[in-house]
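In what follows, a structure is listed as structure tokens, so that the remarks can point back to it.
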Amino acid sequence: MLKSKTFVKKTRSGGIMKIVREHYLRDDIWCGSEVCTECKQEESVLQKDACIESNLCSFPHYLLPDTNVVLSQIDILEDPLIKNAIILQTVLQEVRHRSAPIYKRLKDILHDKEKHFYTFTNEHHRETYIEREQGESANDRNDRAIRISTKWYSDHLNNKGLKVVLLTNDRGNKEKAEEAGLLTYRCEEYVKSLIANPELVDRLALTNDDKNEITSSKVLFSEHLPLSRIQSGIKSGTFQQGTFRASRDNYLEATVFVHGEGDDSTEVLIQGLQNLNRAVHQDLVAVEILPLNQWVAPSSVVLQDEGPKEDDVTEEEEAELKSGLSGVASRKPTGRVVGIIKRNWRPFCGMLFLSQIKEATRHLFTPADRRIPRIRIETRQAATLAGQRIMVAIDGWPKHSRYPNGHFVRSLGSAGDKETETEVLLLEHDVPHQDFSQAVLSFLPKMPWNITEEDMAVREDLRNLTVCSVDPPGCTDIDDALHCRDLPNGNQEVGVHIADVSHFIRPGNAMDLEAANRGTTVYLTGRRIDMVPELLSSNLCSLRSSVERLAFSCIWEINDKAEIVQTRFTKSVINSKASLTYAEAQMRIDDANMNDDTTKSLRGLNRLAKILKKRRIEKGALTLSSPEVRFHIDSETHDPIDLQTKELKETNSMVEEFMLLANISVAQKIYDEFSECALLRKHPAPPPSNYDILNKAAKSKDLVIHTDSAKALADSLDAAQVDGFPYFNTLLRILATRCMMQAVYFCSGMDSDFHHYGLASPIYTHFTSPIRRYSDIIVHRLLAVAIGADSTYPDLMDKHKQSALCNNLNYRHKMAQYAQRASVAFHTQLFFKSRGILNEEGFILFVRKNAIIVLIPKFGLEGTVFFQNKDKPSPKLIFNEEAPSLTVEGHSFNMFDKVKVTISLDASNVQHQKIRMSLVEPVISGVSVAPSEPEAKRAKLDR
């Protein structure tokens, strides 16, 4: 059966075009139920014995949720108890249109065979399809379609002992369904009727009626403007739109990044709860810029929301915020949030802060991420959840409430437990870490795997070369290997051989899509979250010694001055002669008694690498610094037993130089071949304002840092020395690292600035780590097509799809970095928990209005020393923003000053355990005394 609609449309050129839309209807679409004998279905999804124990429905029944129930109660639908549900095509399409994350979760439920959720294509069924009536809204038409389908199912299954329950929270829809004789309940009343799992009630998202019930009558915030007003305001320039980013250090402060044309963007400062106006970190918001006389500077006070408060904004909080405001010179564009364009809420990890009222069911949840406000939830299992890490979702934030309202999602485990805390940091940083699905694993090669004659026929046989790999200790995912040998003409041949991952992962299959989504392997302390299954990452793709492996090789002929004579790229087969650590490779180079082929190859590589590095630095490449730490882990408990900064050897630099050279060579090749769709990597030059803190630090030591180019900065850093202070230059480079912008992937056809600032290279990409970076897999595919070693496919040549892929890769890489830092921080806490209290020397990195941030070089550790304590009278503080310096009781603290601090773990807040530092030297009256008794120290620090 065919339905068609015909209408005319005016074209841009003024012509008239006739449009005919055809809609096909069928009468052979299955209902999906086991009990049905009428539908000639090959397989059924909905069970015959569909029984959930319920006070309302004591009979077998299927659930049919409407769109709003799916959107607001997806946590309920995901629960294992909820089975046998019908998801209409109308609902699926509406959910897809309104929320991509919930649509994905719904699709996962539909694919889960244990859940027995069935998709019914009601929009193409002859008896359930309806047309929109004159004057009927799209929403009302969809509600009617849902009721028609529910009626059809009820009649269709009526004689088979099964009923269909429509779940809707829409009062009008419910009334009309009841008038039509349909069995219908609000989601909440149905869930509360379930006998088997009373805790499921806690997972209910609050309805509007519930939200009004638990808020006060006092209006705390301005009404959010409707979207129509926001859109017209943005168009007229009255409002700006941007991403809301809450401050980690000050819960009364945030910035909104307003994106302009090209690279032009403005940072709007928001201060005070009323101006923040219920925006949550990462929301897309509309802001109104305040008049110039109301602009303020970022607060230099470290201010954290220390506990639950009534539904009001205290004068104390606002006063504390204002006390940290800086001078007129550093004022920034300041604004207020007038509306929310798009919420970016997700389930948040954290802990429950139990109400002091006995037997209360309403409690405050404290998120692990300090940028997220506390959330008020209702739960009847608070006693069980105390001390647990849990997940909570926000349902809404009424203008009468100090905090948003939300609901319990699930428990993650005991706070402080290593597995639980790792799960929390993976969830909080959105790191995909579920086991690889069967669909993904089905594309792995069958074992035992061998290189075939067909492989050898299309590859260069390099198994005779003295190839070796050099990696950190314990590395099993070996991406790269090198060789160096003398040529008859006096030059040298150098090869970088990279695992040929793209041979195993073919475009568009399930394994490729999963790797593209993950984007990168994530390295935590003691754990690795692979981008590709372990069979590839640690075995078939890993360039281990003494086994034949497929590689993609970049081979140069290089003269004595380390100048490239010629470059070629080839798919190859190699057999690595040695898998070495950096230390083992260094010992071979240094040991004059060793003269085997592998050692000679390493010495040749090392000599050339030194020349390459020198030339790179002369061109303006930056040598920066960041304090990285290495943990020594107990083999049985897996707890950290020692912590030290990583020591870099010549061999680290040797490998790095040839990886950089390969990446640059490949970048140029793929850009030459595919100027519109090459996947490249750039590092933007920082704006001049980024260097303010670096200039102030140098100025305090009567030095000048030139920042007009990377070369000028590199030369200034090389010349920046202070007599008697050898660590000064390292501190300055650490600070310079903080001034840098993030390097990003981009598609060459969507950008014109390719320059890599840090490497001083006009073009760059990532080719050398395809086991752990998806960007490198795409680059391998581009290079393979460029040299005729593989065929192309549409997405590879689509610059818009490449650009969208780059956006995901940039996001995943950033989140992986944050997760890695969080893992280091957690293991640092474990280390200090076992070590107790230590006294160590450190240097002041930053000066704040009420604190100093200290770096401990021995551990690569940063911590804050506060000079204000709520339990004691505050010492006299004078903050000089220009220096910057902080004078405490007459003693002046400046950047890079040497101090001695007591380091310990402050576990008074189970969720936000932190390294606590207090001053030992210099001794300042009334600020810090280091008691001799360890217990006295502990008591003081725990307070």
Side-chain angles (χ1 to χ4, degrees), residues 1 24-54 56-67 69-70 73-74 76-96 102-130 145-168 177 181-185 187 190-191 194 196-197 200 437-439 442 510:
M1 184 177 175
Y24 290 88
L25 299 179
R26 306 174 58 155
D27 55 10
D28 60 348
I29 294 172
W30 310 330
C31 70
S33 173
E34 273 182 353
V35 299
C36 180
T37 52
E38 295 168 36
C39 297
K40 296 184 172 120
Q41 45 204 9
E42 292 172 10
E43 60 175 346
S44 51
V45 175
L46 300 164
Q47 293 172 300
K48 188 188 298 183
D49 184 24
C51 284
I52 301 178
E53 285 189 87
S54 161
L56 288 175
C57 309
S58 56
F59 39 79
H61 59 279
Y62 299 148
L63 299 175
L64 196 153
D66 73 359
T67 307
V69 166
V70 173
Q73 307 292 355
I74 189 71
I76 295 290
L77 298 179
E78 284 177 329
D79 192 276
L81 183 72
I82 305 298
K83 295 182 179 180
N84 292 294
I86 300 157
I87 304 297
L88 299 179
Q89 181 188 0
T90 306
V91 171
L92 198 60
Q93 287 172 344
E94 269 199 286
V95 170
R96 184 180 187 179
I102 291 177
Y103 176 74
K104 184 184 181 302
R105 290 168 72 181
L106 183 59
K107 291 291 282 183
D108 288 343
I109 297 172
L110 288 163
H111 289 139
D112 184 352
K113 291 186 177 176
E114 298 292 313
K115 293 284 286 174
H116 300 282
F117 271 49
Y118 179 67
T119 309
F120 179 63
T121 43
N122 63 303
E123 296 291 353
H124 289 279
H125 195 290
R126 185 165 54 86
E127 294 181 42
T128 56
Y129 171 75
I130 59 165
I146 291 167
R147 294 194 299 273
I148 292 288
S149 296
T150 308
K151 179 82 169 72
W152 180 83
Y153 257 107
S154 298
D155 294 343
H156 186 70
L157 300 174
N158 189 36
N159 299 324
K160 301 172 179 69
L162 267 161
K163 294 190 178 180
V164 177
V165 177
L166 173 62
L167 295 182
T168 179
L182 302 176
L183 185 59
T184 179
Y185 296 109
C187 187
Y190 178 79
V191 169
L194 299 178
N197 191 354
L200 194 57
S437 68
Q438 282 306 312
S442 69

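When all heavy atoms are compared, the tightest approach of Ser149 to Thr128 is OG-CB, 3.7 Å. In plain terms, the two heavy atoms of Ile146 and Leu88 that are nearest each other are CA-CD1, 3.7 Å. In this structure, Trp152 and His125 approach most closely via the heavy-atom pair CZ2-NE2, 3.7 Å. The two atoms that bring Val70 and Ile102 nearest to each other are O-CG2, 3.9 Å, heavy atoms only. Nearest heavy-atom pair across Leu167 and Cys187 is CD2-CA, 4.5 Å. Pairing each heavy atom of Leu46 with each of Cys31, the nearest pair is CD1-O, 3.7 Å.
The line from CD1 of Ile109 to CD1 of Ile82 is 10.0 Å long, rounded to the nearest 0.5 Å. To the nearest 0.5 Å, the span separating CD on Gln93 from OG1 on Thr67 amounts to 10.0 Å. Interatomic distance, CG of Leu200 versus CD1 of Ile76, reported as 4.0 Å (0.5 Å rounding). In this structure, CG on Leu110 lies 10.0 Å from CG on Leu77, to the nearest 0.5 angstrom. Rounding to the nearest 0.5 Å gives a distance of 11.0 Å between NZ of Lys107 and CD1 of Ile87. Put simply, CG on Leu162 and OH on Tyr153 are 11.5 Å apart, with the number rounded to the nearest 0.5 Å.
Looking at His116, its side chain does come within 3.5 Å of a backbone N or O of Val45 through a donor-acceptor pair.
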Practice problem: Just do the side-chain contact (heavy atoms from CB on, under 4.5 Å) check on Arg126 and Arg26 with the steps written out, would you? | Solution: CA-CA 5 Å; Arg126 185 165 54 86; Arg26 306 174 58 155; over 6 Å; no
Quiz prompt | Derivation of the side-chain contact (heavy atoms from CB on, under 4.5 Å) call for Gln89 and Leu92 | solution = CA-CA 5 Å; Gln89 181 188 0; Leu92 198 60; 5.5 Å; no
Quiz item: side-chain contact (heavy atoms from CB on, under 4.5 Å) between Ser44 and Trp30: does it pass, once the steps are laid out?
Solution: CA-CA 9 Å; Ser44 51; Trp30 310 330; over 6 Å; no
Practice problem: Give the C-alpha distance, both sets of side-chain angles, the deciding distance and a yes or no for side chain to side chain donor-acceptor pair (under 3.5 Å) between Thr168 and Asp66. | Solution: CA-CA 6 Å; Thr168 179; Asp66 73 359; 2.6 Å; yes
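Ring geometry, Tyr118 versus Phe120: the interplanar angle falls from 30° to 60°, so the pair is classed tilted.
In this structure the side chain of Phe59 reaches within 4.5 angstrom of the side chain of Leu183, judged on heavy atoms. Annotation: side chain of Tyr185 is in contact with side chain of Val165 (closest heavy-atom distance under 4.5 Å). His156 is listed as a side-chain neighbour of Cys36, based on a closest heavy-atom distance under 4.5 Å. Counting only heavy atoms from C-beta outward, the side chains of Val164 and His61 never approach each other to under 4.5 Å. Counting only heavy atoms from C-beta outward, the side chains of Val91 and Pro65 never approach each other to under 4.5 Å.
Taking the ring axis of Phe117 as reference, the NZ or CZ atom of Lys83 does not stay both within 45° of it and closer than 6.0 Å to the ring centre.
For Glu127, there are no salt bridge (Lys or Arg N to Asp or Glu O under 4.0 Å) partners, not counting sequence neighbours.
For residues 112-125, the set of pairs meeting the salt bridge (charged side-chain N to carboxylate O under 4.0 Å, His left out) definition, not counting sequence neighbours, comprises Glu123-Arg141.
Counting only N and O atoms by type, the side chains of Tyr190 and Ser54 include no donor and acceptor under 3.5 Å apart.
Electrostatic pairing of Glu34 and Lys160 does not count as a salt bridge here, judged by no charged N lying under 4.0 Å from a carboxylate O.
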